[in-house]
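Every chain is numbered from 1, with letters handed out A, B, ... down the list of sequences. Bear in mind the structure is a predicted one, so any value in this text is a computation, not a measurement.
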There are 2 protein chains.
Amino acid sequence: MKREEEEFSRQVTALDVAKHAGVSRSAVSRTFTPGASVSASTREKVMKAADELGYRVNQLARSLINKRSDLVGIVAANMDNPFRAQQVEHMARELVEQNFRPILLPAEGEENPSRVIGMLLEYNVSGVIVTSDTPPQSICQECVSLGVPMVLINKGEIDASVDRVLLDNETSGRIAARHLYDKGCRQLASIGSDKPSYSLSVRVKSFQAACKELGMNAPGHFSAPISDYNGGFTAAEAMLRDMPDVDGAFCITDYMALGSLDYFRLRSDRKVPDDLKVIGCDDILQASWAGYDLTTIRQDTRLLAKQVVGALTARFKNPLAPPDIRMVDVSVVERATTKTS
Amino acid sequence: MKREEEEFSRQVTALDVAKHAGVSRSAVSRTFTPGASVSASTREKVMKAADELGYRVNQLARSLINKRSDLVGIVAANMDNPFRAQQVEHMARELVEQNFRPILLPAEGEENPSRVIGMLLEYNVSGVIVTSDTPPQSICQECVSLGVPMVLINKGEIDASVDRVLLDNETSGRIAARHLYDKGCRQLASIGSDKPSYSLSVRVKSFQAACKELGMNAPGHFSAPISDYNGGFTAAEAMLRDMPDVDGAFCITDYMALGSLDYFRLRSDRKVPDDLKVIGCDDILQASWAGYDLTTIRQDTRLLAKQVVGALTARFKNPLAPPDIRMVDVSVVERATTKTS
DNA sequence: CTGTTAGCGCGTTCAT
DNA sequence: ATGAACGCGCTAACAG
């Protein structure tokens, strides 16, 4: 079935197959073009010849005509964050599933954005997905102004007419406040980042609003330069110092929550959940580890990925449609850090 | 400088630039071809016109001629493992740096390998990088038999004539044994996976050999189905049950070590490092977290990435060279889990 | 339903 | 150094 003799010869082309099958080049092309009209007999002949020769369509040549490469750029940063890594993996998986090819472009802030832009534009990517704490503005603007379909994940501050997928941050904050309240906490605080992204600041604001509605004192807010483990660690320290009577904390990401939990356990005398209850957001894998067992608000990254790719394909079909904003539902996963004694 | 009026018009081509600059199309082509001969004056004219029109070379068309797409497939699985995620990120970064485009293909075991192979071959990838606990054999074989340059990371069992980059697993195991010995441990054990990859089994074997050389009892070995957090957790349980006098453990990956540490802390009365010392391997980010503070053997993923891309480019230059095997040095990072009291 | 023809955007001869 | 012509592998529009 397979012949391996021509390792270093030129790749087999549609013409080769055509000759071998005794048909025309177009017949071959049509056989491999989804919506085409070929008789069953010729199709069979072509398939046989193609199989014997080990023929594969050259998508590069095809996309030169179709004007769509089916390449999709994933611009991602902060992949040390487990949530981000999982996001990227599921996105890539979903893209492959839908017959797109994910090309991964790591990009921290504004580090060599021109190179990334070049990769995107010179390869005629069909679309771009951006997921990053600090999305590279210049990349987004360039794509938008050139009409390259783009989907932003959990970004809201960019006012441009761009498709977005975001989890229900509004509800997340409210759920967090409500959950802590139900568990008997009355002195709440939130732990976040100095320069929060849109998503993260919405979480804090809705958390604060919900606290007010529930008739609690205005919650404290403590933040660190970066929303990672160390950030959670240091913010937790600040919290206990400046707000000693805190009895419930909402960490805007699980990644920070892990740091906070370790601070409480290792550097303070507060016992979680007895003296202090903690709730996070994202439901990263680590949250379910026995060492943390963190109550959190789940974002289903698999669903998120589906929504993102869905938004992208919708945009392909209708490039002129108004910007699409999709919301992903959230739900509480109750674990040990908010248990009542 | 930039003109954004033609969002939905066809992309600007080299011919457009040629007309605009009053030169021939070849002149434009030459201007954007690294090793070409163009006079400074025409080059300047071309550049000006290109800039005004927002021209960018169409790499897809270019690669149709060059027969090299500069696309490099990264076939990766188990990206929940932080070490793997970091590896992928650094690889992608290095590839972009070297002007390749990483296309990310998540692949667990033998799940739809034909789709992945299609993505690789139909897009004429210049090369493939494989990193996975369970590398999809069929993909590798297909690529090898078709002469697609491939680099395997930390894989050794595949005998084919393929380039490989591996960290010094041999030394890792010896260092682990020696380090535990130096810290006063005498009853050692290793924690690993039921079906270890090449790398992981070498680590265990060299660990055992080193124990013997040091005159210690033969170390125990305990394993779990998967080399992840939960695997480390359950293997630790088995270890304490079957080998109660153990005083030093070598976890073949940090990912497992985290699970083991949590088991010791939460489900046993052994104190680390007083009753039991632990050393891991990889130096993932979590190992440095205050909650774990794990002594480990570092693999520099940045360096690894450089080696991988280096091996790939070397292969491009000389397709017929004998298989290249590159070793990455390791070093101990001493933290709390092996401290002496 | 089939084969023929004409490009897609580009690099590279081959003359000048 | 420069322009004209050709071809990379493929699809689409056109005739039969």
Identify every side-chain donor-acceptor pair in residues 302-311 of chain B under 3.5 Å, counting partners at least two apart or on other chains, and give the distances.
| unit_1 | atom_1 | unit_2 | atom_2 | d |
| --- | --- | --- | --- | --- |
| K306(B) | NZ | E94(B) | OE1 | 3.2 |
| Q307(B) | OE1 | R326(B) | NH1 | 3.2 |

message: With a 4.0 Å cutoff (strictly under), does any side-chain N or O of T13(A) reach OP1 or OP2 of dC10(D)?
response: yes
statement: Residues at least two apart in sequence or cross-chain that pass salt bridge (Lys or Arg N to Asp or Glu O under 4.0 Å) with R68(A), listed by chain then number, are D70(A)
- prompt: Can you find a donor-acceptor N/O pair under 3.5 angstrom joining the side chain of R25(B) to the base of dG11(C)?
  reply: yes
field: Sugar-phosphate only, base, or nothing, as touched by T33(B) at under 4.0 Å among non-hydrogen atoms
entry: sugar-phosphate
query: Toward the 5' end of DNA chain D, which comes first, I65(B) or G22(B), by nearest nucleotide?
result: G22(B)
- prompt: Residues from residues 38-50 of chain A sitting under 4.0 Å of DNA chain C, heavy atoms only?
  reply: V38(A), S39(A), T42(A)
- prompt: To the nearest 10 degrees, how far apart in direction are the end axes of the helix from dC1(C)-dG16(D) to dT16(C)-dA1(D), each fit to five base pairs?
  reply: 40°
- prompt: Counting side-chain heavy atoms from CB outward, which of dC10(C), dA5(D), dG9(C) is closest to S26(B)?
  reply: dA5(D)
message: Without decimals, in angstroms, what is the distance between R62(B) CZ and dC10(D) P?
response: 21 Å
field: Options dC10(D), dG11(C), dA1(D), nucleotide nearest the side-chain atoms of S37(B)
entry: dA1(D)
With sequence neighbours excluded, residues passing salt bridge (Lys or Arg N to Asp or Glu O under 4.0 Å) with R315(B): D163(B)
message: What I want to find out is whether R93(B) reaches E97(B) closely enough, with some N-O distance under 4.0 Å, to be called a salt bridge.
response: no
query: What does Y55(B) touch in the nucleic acid at a heavy-atom separation under 4.0 angstrom: a base, only the sugar-phosphate, or nothing?
result: sugar-phosphate
I'd like a table of atom pairs between the protein and nucleotides 14-16 of chain C - only N or O on both sides, under 3.5 Å - with the distance next to each one.
none

